[in-house]
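FYI, side chains are in, hydrogens and waters are out, and symmetry mates aren't considered; it's all heavy atoms of this structure.
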Amino acid sequence: VSVAISATQVITPKVSATAVNVTGIVSVDGAAVLGSTVSVSGAATFKAGVSVSGTMAATVITNSGIVTLTDAASVAVDLTAGNIFVVSLSTTGRTLEFPTGGTAGQCFAIYVIQASASCVLAFPSGYRWENGTTATFSTSLGDVDILAGIMRTTAIADVVVRTNFN
């Protein structure tokens, strides 16, 4: 059985098919068993667990909001918690640790706020800077800079800094 949907369709009973092509929105409220190919070129909502036997490729876009990092001697960045972070530096001598939990191609951004004047950040290996030189951050009280990066691998992040978003 092949199912073709060209407009918004809510499927509530159990559906079994060998191929499904969707050009609109699909919402599955019950069980769906698909024996072959599923193609969705619109939005898809699943209100229960999704089981896959075989290969599945998916792009998941979530918005976890802005994740606050703890200001400490070692500022940890966990990319499983989100992609956008903020840290307010209260003193100098901080190290922005290399992000953990990231995957190749994952993007992230960190707002760096000077909660006290002249706070300087250090960086461990793994960060790769524009033109090969570690960026200079703003150091005046209240300054806001943004470090943006892309994980090249799980051990290398290519980063740039833009300053003075006051």
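- Considering every non-hydrogen atom in both Ala117 and Gln114, the closest pair reads C-OE1, 4.4 Å.
- Between the CD1 atom in Ile113 and the OG atom in Ser90 there is a gap of 12.5 Å [rounded to 0.5 Å].
- Partners of Ser74 under the side chain to side chain contact (heavy atoms under 4.5 Å, CB included) rule, at least two apart in sequence or in another chain, are Glu97.
- At distances below 3.5 Å, at least one donor-acceptor pair connects side-chain atoms of Thr153 with backbone N or O atoms of Ala155.
- A donor-acceptor pair under 3.5 Å is formed between the side chain of Thr92 and the backbone N or O of Val120.
- The backbone N or O of Ala104 sits nowhere less than 3.5 Å from a side-chain atom of Arg152 that would complete a donor-acceptor pair.
- Taken from CG in Asp71 to OG in Ser116, the straight-line distance is 9.5 Å, to the nearest 0.5 Å.
- Taking a 4.5 Å side-chain heavy-atom cut-off between Ile, Leu, Val, Met, Phe, Trp and Tyr, the cluster of Phe98 extends to Val67, Leu69, Val75, Val77, Leu79, Phe85, Val87, Leu89, Leu96, Phe108, Ile110, Val112, Leu121, Phe123, Tyr127, Trp129, Phe137, Leu147, Met151, Val159, Val161.
- Rounding to the nearest 0.5 Å gives a distance of 9.0 Å between SG of Cys107 and CD1 of Ile84.
- Using modelled atom types, one side-chain atom of Asn166 and one backbone atom of Val144 make a donor-acceptor pair closer than 3.5 Å.
- To the nearest 0.5 angstrom, Ile146 atom CD1 is 4.0 Å from Phe165 atom CZ.
- Partners of Asp78 under the salt bridge (charged side-chain N to carboxylate O under 4.0 Å, His left out) rule, at least two apart in sequence or in another chain, do not exist in this structure.
- No more than 12 heavy-atom neighbours from other residues, nucleotides or ligands sit within 6.0 angstrom of CD1 on Ile150.
- Formation of a donor-acceptor pair under 3.5 Å by the Asp145 side chain with backbone atoms of Tyr111 is not found in this model.
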